[in-house]
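Here's the structure we're looking at; comments come further down.
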Amino acid sequence: MTVDPADLEAVAVQLGRAPRGVLEISYRCPDGAPGVVKTAPRLDDGTPFPTLHYLTDPRLTAEASRLEVAGVMRDMSARLLEDEELAADYRAAHEHYLRERNAIEDLGTDFSGGGMPDRVKCLHVLIAYALAEGPDHFRLGTEAVALAAEGTGLRGTAIPADWPTCADLGIERSDG
């Protein structure tokens, strides 16, 4: 796979450093900016890098950080303990993530990312994964993106205009 040098340059500006292990732009924001990169499971220097989908757009990373501070991860993790269907959906997303990453290179680990499959540890990973796969892939990812879009001005610029809303999903954004 070859990534357009202009995209790599844009990602470098977004990250403030040279990107590593980029295989493709797996999500492009509606305004054209790269939003998520797919990374190699092992970097050029041999370092394992299990994060398959990496959030690069600073608008999205800032919003993921705000949601983390607001306790969204804690609330989602609690729901996984209470809702068997939600937990099964999250486990299936974890297994898909592993299959996709292992098809590139098997790291010999069952670690996927973001705390999967038992807890929500990182909304950056959930948002990146959901944007790369689309809104129907896994519930908590769909919710995380909807929460990031709610009242932030990101819908239609960094997040697809047609991404399900919080109202569509029956959830509410609470900023702590």
Side-chain angles (χ1 to χ4, degrees), residues 1-70 72-73 76 90 93-117 119-135 137-138 140-150 152-161 163:
M1 292 180 236
T2 303
V3 182
D4 185 320
D7 281 334
L8 289 175
E9 186 176 318
V11 170
V13 169
Q14 291 175 328
L15 298 176
R17 64 169 172 76
R20 302 175 299 161
V22 175
L23 300 174
E24 69 180 31
I25 304 300
S26 56
Y27 168 74
R28 190 172 297 280
C29 298
D31 64 11
V36 176
V37 295
K38 180 183 278 187
T39 58
R42 192 173 305 276
L43 301 178
D44 289 341
D45 66 2
T47 304
F49 194 79
T51 304
L52 183 63
H53 299 291
Y54 194 88
L55 198 59
T56 63
D57 187 285
R59 299 166 295 182
L60 296 168
T61 59
E63 196 53 40
S65 295
R66 277 191 279 282
L67 291 169
E68 287 181 353
V69 169
V72 171
M73 298 177 310
M76 286 180 168
Y90 199 54
H94 161 75
E95 291 165 0
H96 173 83
Y97 191 106
L98 287 176
R99 281 190 307 276
E100 187 176 349
R101 188 187 70 210
N102 291 346
I104 300 167
E105 181 179 354
D106 191 338
L107 294 177
T109 179
D110 64 356
F111 172 78
S112 57
M116 292 179 147
R119 63 188 176 110
V120 178
K121 181 180 167 191
C122 179
L123 291 180
H124 297 78
V125 170
L126 258 63
I127 289 171
Y129 182 24
L131 288 169
E133 294 288 341
H137 187 63
F138 71 115
L140 290 181
T142 303
E143 288 182 11
V145 175
L147 290 167
E150 186 75 14
T152 61
L154 296 179
R155 187 175 293 280
T157 58
I159 295 170
W163 195 272

Within 6.0 angstrom of Asp45 CG, more than 12 heavy atoms from elsewhere:
yes
Is the backbone of Gly35 close enough, under 3.5 Å, to the side chain of Thr56 for a donor and an acceptor to pair up by distance?
yes
Could you tell me whether a side-chain N or O of Arg20 sits under 3.5 Å from a main-chain N or O of Leu43, the two making a donor and an acceptor?
no
Got a list of side-chain donor-acceptor pairs under 3.5 Å for residues 3-12, not counting sequence neighbours?
residue : atom : partner : partner atom : Å
Asp4    : OD1  : Ala6    : N            : 2.7
Asp7    : OD1  : Arg28   : NH1          : 3.2
Asp7    : OD1  : Arg28   : NH2          : 3.3
Asp7    : OD2  : Arg28   : NH2          : 2.8

Any donor-acceptor pair under 3.5 Å linking the side-chain atoms of Ser112 with those of His96?
no
Heavy-atom pair with the smallest gap, counting every atom of Met73 and Leu123:
CG-CG, 3.6 Å
If I take atom NE2 from residue His124 and atom OG1 from residue Thr51, how far apart are they, to the nearest 0.5 angstrom?
12.0 Å
Go through it in stages, so that I can follow the logic: the residues are Tyr27 and Val37, the test is side chain to side chain contact (heavy atoms under 4.5 Å, CB included), and I'd like the CA-CA distance, side-chain angles, deciding distance and then a yes or no.
CA-CA 7 Å; Tyr27 168 74; Val37 295; over 6 Å; no
Going from NE2 on His137 to OH on Tyr97, what distance comes out if it is rounded to the nearest 0.5 angstrom?
10.5 Å
Any side-chain heavy atom of Arg155 within less than 4.5 Å of one from Pro30?
no
Ring pair (Phe, Tyr, Trp, His ring centres under 6.0 Å) filter on His53, not counting sequence neighbours, yields Tyr129
Can you tell me how far apart OG1 (Thr61) and CZ (Arg66) are? Round to the nearest 0.5 Å.
9.0 Å
Qualifying residues under salt bridge (charged side-chain N to carboxylate O under 4.0 Å, His left out), relative to Glu100, sequence neighbours excluded
Lys38
Kindly write out the residues that satisfy salt bridge (charged side-chain N to carboxylate O under 4.0 Å, His left out) with Arg59, not counting sequence neighbours, or none if the list is empty.
Asp31, Asp57
Just by distance, do the side chain of Trp163 and the backbone of Thr142 share a donor-acceptor pair under 3.5 Å?
yes
So CG of Leu147 and CD1 of Ile127: to nearest 0.5 Å the spacing works out to 8.0 Å
When rounded to the nearest 0.5 angstrom, what is the spacing between OG in Ser26 and CD in Glu133?
8.5 Å
The complete set of salt bridge (Lys or Arg N to Asp or Glu O under 4.0 Å) pairs with one or both residues in residues 102-117, sequence neighbours excluded, reads Arg42-Glu105
To the nearest 0.5 Å, atom CD of Glu143 lies from atom CD of Glu150 at 12.5 Å
Should Ile25 and Val36 be marked as a side chain to side chain contact (heavy atoms under 4.5 Å, CB included) after you check the CA-CA gap, both sets of side-chain angles, and the distance that decides it?
CA-CA 6 Å; Ile25 304 300; Val36 176; over 6 Å; no
Compare every heavy atom of Thr152 with every heavy atom of Ala148, then report the nearest pair and how far apart it is.
O-OG1, 2.7 Å
Contacts of Tyr90 that satisfy ring pair (Phe, Tyr, Trp, His ring centres under 6.0 Å) - sequence neighbours left out:
none
